[in-house]
Chemist: 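Here's a structure for you.
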Amino acid sequence: MIEKQEIEEIMQKLLKFYEGREIEWSASLNPFQILIGTILSQRTRDVMTEKITKKLFEKFATPEDFNKASVEEIENVIRGAGFYKQKAKRIKEIAEIILKKYNGKVPESREELMKLPGVGAKTSAITMVYGFGKNDAIPVDTHVHRISNRIGMVKTKTPEETEKELMKKIPRKYWNVINHLFVIHGQSICLPMKPRCNECPTKEHCRYFRDCRKINQKQS
DNA sequence: CTCCCGATAT
DNA sequence: ATATCAGGAG
């Protein structure tokens, strides 16, 4: 298992490699929009998510807008995203809860966020990090889970375990960048089925690369 | 563990 | 044709 010192090196290499590719989508959105956009992104490719969130926020922008809209109206806009019926229903419920229980403001704690329907560990963490600019959580999505296991930073079965282990091993200064960094990495190089290990800036640290080499080269 | 669920990559 | 995608609830 890889320990802290080496993790520091890996993070620095990734930061340098992806320098200049900062987050642009969250900058223009408020916490409520980050929350809704993140729900839409669940198990949905982000090219699709981007298209849909843009359309959606042109029609409805505030909790009031969503609360007034019908579930069918929301469905019609977000159709194309995975699980769109569930998401439409949950988005409307969230808008109502935020209006009535939280006075129109997105709750600024993970516990409260996770009480909302459709908001679990990952979505609440994303909202804290990108919506409120906090670094008290590590958003673990499929990319963070896959990559941290491949490299050998953790050895875990579930994203929840991964977050717990990563919080022990990753210095806090990286907590609010690791998600974005690993998502870019996971979409461009550390692909799920056919990773481009030859192009990877972390290959000399990566257990997956090492073991994969030993057996044979299936690089592209 | 299953279900939600459409779009796209392989 | 199958695997996977910025997952979460029951």
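The sequence lines fix the lettering, A, B, ..., with proteins before strands; numbering per chain opens at 1.
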Chemist: Salt bridge check: are A:K168 and A:E165 linked by an N-O gap of less than 4.0 Å?
Modeler: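 Answer for the salt bridge query: yes.
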
Chemist: Which listed nucleotide (B:dA7, C:dG7, C:dA6) is nearest to the side chain of A:F83?
Modeler: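 Of the options given, the side chain of A:F83 lies nearest C:dG7.
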
Chemist: Expressed in angstrom and rounded to an integer, what is the separation of A:L35 atom CG from C:dG8 atom C1'?
Modeler: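 After rounding, the reported distance stands at 13 Å.
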
Chemist: Can you identify which nucleotide, out of B:dT8, C:dA6, C:dG8, has its nearest atom closest to the A:H143 side chain?
Modeler: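 The closest nucleotide is C:dA6.
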
Chemist: Within this structure, what is the CD-to-P distance between A:E163 and C:dA6, rounded to whole angstrom?
Modeler: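 It works out to 18 Å between those atoms.
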
Chemist: Report which part of the nucleic acid A:L116 touches: base, sugar-phosphate, or nothing (heavy-atom distance under 4.0 Å, all strands).
Modeler: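 Sugar-phosphate only.
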
Chemist: Hey, is the side chain of A:T123 poking within less than 4.0 Å of OP1 or OP2 on C:dA6, counting only N and O atoms?
Modeler: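 For C:dA6, OP1/OP2 do not have a side-chain N/O of A:T123 under 4.0 Å.
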
Chemist: So A:R90, base contact, sugar-phosphate only, or nothing? Heavy-atom distance under 4.0 Å.
Modeler: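 Sugar-phosphate, backbone atoms only, no base.
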
Chemist: Using 30° and 60° as the class boundaries, would you call the ring planes of A:F66 and A:F60 parallel, tilted or perpendicular?
Modeler: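 The rings of A:F66 and A:F60 sit tilted, inter-plane angle from 30° to 60°.
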
Chemist: Judged by each residue's nearest nucleotide on DNA chain B, which is more toward the 5′ side, A:K85 or A:R45?
Modeler: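 Result: A:K85.
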
Chemist: Determine the Euclidean distance between corresponding P atoms of B:dC3 and C:dA6; express it in Å to zero decimal places.
Modeler: 24 Å

Chemist: Whole-Å distance between B:dA7 C1' and A:R79 CZ?
Modeler: 14 Å

Chemist: Determine the interatomic distance between P on C:dA1 and the same-named atom on B:dC5; round to the nearest Å.
Modeler: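 Approximately 24 Å lies between the P atom of C:dA1 and that of B:dC5.
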
Chemist: Calculate the interatomic distance between A:K89 atom NZ and C:dG10 atom C1'; express it in whole Å.
Modeler: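 After rounding, the reported distance stands at 11 Å.
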
Chemist: Could you check how far CD1 of A:I52 sits from P of B:dA7, rounded to whole Å?
Modeler: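 The answer, rounded to whole Å, is 9 Å.
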
Chemist: What is the nucleic acid contact for A:V144, judged by heavy atoms within less than 4.0 Å: base, sugar-phosphate only, or nothing?
Modeler: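 The residue A:V144 makes no contact with any strand.
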
Chemist: Can you tell which of B:dA7, C:dG8, B:dT10 lies closest to the side chain of A:Q86?
Modeler: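 Within the option list, the nearest is C:dG8.
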
Chemist: Give every donor-acceptor pair under 3.5 Å between a side-chain atom in residues 94-106 of chain A and any protein atom, sequence neighbours left out.
Modeler:
| from | atom 1 | to | atom 2 | distance (Å) |
| --- | --- | --- | --- | --- |
| A:E96 | OE2 | A:K100 | NZ | 2.9 |
| A:Y102 | OH | A:E112 | OE1 | 2.5 |

Chemist: Taking any heavy-atom pair under 4.0 Å as a contact, classify A:G82: base, sugar-phosphate, or nothing.
Modeler: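 It contacts base atoms.
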
Chemist: Between B:dT8, C:dG7, B:dG6, which one does the side chain of A:M48 approach most closely?
Modeler: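 Among B:dT8, C:dG7, B:dG6, the one nearest the side chain of A:M48 is B:dT8.
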
Chemist: For residues A:T123 and A:T38, is any side-chain donor paired with an opposing acceptor at under 3.5 Å?
Modeler: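 Side-chain D/A pair, A:T123 to A:T38: absent.
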
Chemist: Let me know the distance between CG of A:D46 and P of B:dT8, rounded to the nearest Å.
Modeler: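 Interatomic distance, CG of A:D46 to P of B:dT8: 13 Å.
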
Chemist: Rounded to the Å, how far apart are A:I126 CD1 and C:dG8 P?
Modeler: 9 Å

Chemist: Could you tell me the separation between the CD1 atom of A:I78 and the C1' atom of B:dC5, rounded to a whole number of Å?
Modeler: 11 Å

Chemist: Taking atom types as modelled, is there a side-chain donor on A:T156 or A:N149 under 3.5 Å from an acceptor on the other?
Modeler: yes

Chemist: Do A:K169 and A:S148 meet the criterion of a side-chain donor-acceptor pair at a distance under 3.5 Å?
Modeler: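 Checked: A:K169/A:S148 side chains show no N/O donor-acceptor pair below 3.5 Å.
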
Chemist: Just compare C:dC5, C:dA6, C:dG8 and give me whichever is closest to any side-chain atom of A:P192.
Modeler: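 Nearest to the side chain of A:P192 among the choices is C:dC5.
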
Chemist: Looking at B:dT8, C:dG8, C:dC5, which one has an atom nearest to any side-chain atom of A:R43?
Modeler: C:dC5

Chemist: Using a heavy-atom cut-off of 4.0 Å across all strands, would you classify A:T142 as base, sugar-phosphate, or nothing?
Modeler: sugar-phosphate

